[in-house]
2 protein chains.
Amino acid sequence: MATLLDVSSKAGVSIATVSRTINKPSSVTPMTRHKVQAAIDALGYRPSRVARRLRVEHGSTHILGVIIPDIQNPFFAELVRGIEDVAQTNGYTLILANVDEDPVRQSRCLETLRTESVDGVIFPPVTGENASIRMLHEAGIPVVCVDRRMDTLECDTVVTDNIAGAKKAVTHLIQLGHRRIGYIGGMPIVSSSRERRMGYETALQEHGIPIDPDLICEGTRSKEQGRTLTHALMDISHPPTALLAGNNLMTLGVMATLRERQITIPEQVALVGYDDLPWNLALALNPPPTTVRQPTYQIGCRATRLLLSRIEEPQRPPTLVVLQPELKIRASCGSYITQ
Amino acid sequence: MATLLDVSSKAGVSIATVSRTINKPSSVTPMTRHKVQAAIDALGYRPSRVARRLRVEHGSTHILGVIIPDIQNPFFAELVRGIEDVAQTNGYTLILANVDEDPVRQSRCLETLRTESVDGVIFPPVTGENASIRMLHEAGIPVVCVDRRMDTLECDTVVTDNIAGAKKAVTHLIQLGHRRIGYIGGMPIVSSSRERRMGYETALQEHGIPIDPDLICEGTRSKEQGRTLTHALMDISHPPTALLAGNNLMTLGVMATLRERQITIPEQVALVGYDDLPWNLALALNPPPTTVRQPTYQIGCRATRLLLSRIEEPQRPPTLVVLQPELKIRASCGSYITQ
DNA sequence: CTGAAAGCGCTTACAG
DNA sequence: CTGAAAGCGCTTACAG
């Protein structure tokens, strides 16, 4: 690899001049600029980002860190795509790590990001309190929370309105005549799950339907849990006629279980799933499920722009961005009857 | 952020001793070790990876670069998961970039990886020749090709046996009695597409079925192309009774188009799709498609291990790993008749 | 076993 | 406009 010294000796100038030619061409004679540029081209020289970033105390690394549970979850894949597109456009590079909701792995990865001196970190927080996050904060590395909020640390956050999303879903079911609506969702320690349940309950209350604890099931977000909880819910003495599944994985578990039990959707049980599937894949499912679609790609974009703006202006007060989800009505609830 | 100097002054030793305590504890008195460790703990000190990597000519950055077309494609998501899992286990961090098959973006990203001095790069090559790749090679940065091969540069490569995969699919269709089998695949500039077409043709030949150019359609890998080519194929005077779709996106396009045209699967047209869907999502489709499943996660794992071993031993001759795909028989071809 | 010093490849005041 | 020099935070021969 050619180095600054190689270029400078080839061009017959000092390394400082080469550096200036690259970083502030206007500060250099056209003549010099030309000589240096020729040497750079001849050698295929590119400044080492590694060396460059060591230089200044607050030298930018132009690297952003992203920590997610699992890139194989289409929700996070879409999120990451949004993040990376904005990052790449702005000359930033992405470090990605999967941590499977494991606090130990998460801490380890956040620690790595700190020692990498990344310019910022984007991630969906698991718990309310987190030592590693605090550490990043103290190291002056800005953090943007996506999808979920922290309840302690004040930082930029981009979420969708989960309460509104779940409310829309449940209201839709109520308007179709359902009164016994089950909720199968993720753990309440995650803010998004907590809020979706809240939206579920609010919708019921607003329509004067009592909340029946028997109809509320929560578990770790997985297809398997979706199955288990569906079985549990359909086995009670007075089972629900409609279900809200709290996320994409659980929705698939619910659908698979209902199919196994030969319970037809929407005739015997109506279903709304939280989170849409990519590629319009929902349209190919049997039946195409009505879902609450989050603007996931946009969450990624907004979060990244927020992060970049904070890198520019570290003292700006924390911003909360709340995007609106959309109810995609398909075939899993039967036909839609307007109120 | 605490620095080596902070620790050394707090512990009352030189920075060299602190460095040794961290990197080679046995070279230091237990007494010293203890003092230094106490200072490290008190300050929450972690060595800067940025500074560390600048030190040695061939200093490891412990970063791997991964460049893919699109993380939203479940195939690449699974691949990346395999890569990241092995990387993380071995203390490596991942830089990820999406380039959408765009040679310009790809070159730009590879260039960035070079200036980041990553320890190695994993990616599915698009074209046969690539200047940026050569550059990485010359910069001593090892490259592992996944999913597709380069025809010029000799480097470690992990692929699946695409010829065998397509052969299995087409043989399956032939055994079910089909003679007019259409092929809808990706561009032949991509080695995997080329090989799948080759497998398709080989299977026909081995069964004495003439190859009909009218039944072969190729286009850029997308759902939209899948649609267009399906229409084209079903509009010819003597349309196929079975189809092989060359990848997951095109398979979805084919299914959607057949559904639109009210052509039933498998009764009117049998279908095998290349690439499986994650989460057993295929089982939820209508109908569940028979697919050629690649061990995608394993491709990622093997590629990463290959890369790590090459970092250890740069002179080792290039290795080609060929994994075997598997035909997952589901409902889109009708019942399976053994020969 | 420990410390002083050089050096990794850059950038940026500071002189001239 | 240009160059000499300091310094970013480490690691590692080289002495002692």
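So that the names make sense, note that chain A is the first sequence line, chain B the second, and so on, each numbered from 1.
Within 4.0 Å of I15(A), counting heavy atoms only, lies at least one base atom of the nucleic acid. Within the 4.0 angstrom heavy-atom criterion, base atoms lie near S19(B).
As rounded to whole Å, 13 Å separates atom P of dC10(D) from atom CZ of R49(B). With rounding to whole Å, D6(A) atom CG is found 9 Å from dC10(C) atom P. A straight line from NZ of K24(B) to P of dC1(C) spans 9 Å, rounded to a whole angstrom. Taking atom CD of E116(A) as the reference point, atom P of dC10(D) lies 13 Å away to the nearest angstrom. Rounding to whole angstrom units, CG of residue N23(B) and C1' of dT2(C) are separated by 16 Å. One can place CD1 of I22(A) at 8 Å from P of dC10(C), the figure rounded to the nearest angstrom. Atoms CG (L4(B)) and C1' (dG9(D)) sit 7 Å apart, rounded to a whole Å. R46(B) places its CZ atom 12 Å from the P atom of dC10(D), with the value rounded to the nearest Å.
Between A139(B) and R114(B), the shortest heavy-atom contact is CB-CD, 4.0 Å.
The listed nucleotides are dC10(C), dG3(C), dT2(D); the one nearest the side chain of T17(B) is dG3(C). Residue Y45(A) has its side chain nearest to dC10(C) when only dC10(C), dG3(D), dA4(C) are considered. Comparing dG9(C), dT11(D), dG3(C) against the side chain of R52(B) picks out dT11(D) as the nearest.
The existence of a salt bridge linking D100(A) and R81(B) is confirmed by a sub-4.0 Å separation between a basic side-chain nitrogen and an acidic carboxylate oxygen.
Across all strands shown, dA15(C) forms a Watson-Crick or G-U wobble pair with dT2(D), both key distances being under 3.5 Å.
Side-chain atoms of R52(B) and T115(A) form no donor-acceptor pair, as typed in the model, at a separation below 3.5 Å. Remark: the S193(B) side chain and the R221(B) side chain contain no N/O donor-acceptor pair separated by less than 3.5 Å.
With DNA chain D read from its 5' end, the first of the two nearest nucleotides for T29(A) and A16(A) is the one closest to T29(A). Summary of the strand contacts: V13(A) and T3(B) both lie near DNA chain D, and taking for each the nucleotide with the nearest heavy atom, the more 5' one is attributed to V13(A).
Side-chain N or O atoms of Q88(B) include one that pairs as donor or acceptor with a backbone N or O of N98(A) at under 3.5 Å.
Side-chain nitrogen and oxygen atoms of S48(A) include none within less than 4.0 Å of the OP1 or OP2 phosphate oxygen of dC10(C). OP1 or OP2 of dT2(C) has at least one side-chain nitrogen or oxygen of T32(B) nearer than 4.0 Å.
Residue-to-nucleotide contacts include a donor-acceptor pair under 3.5 Å from the side chain of R20(A) to the base of dG3(D).
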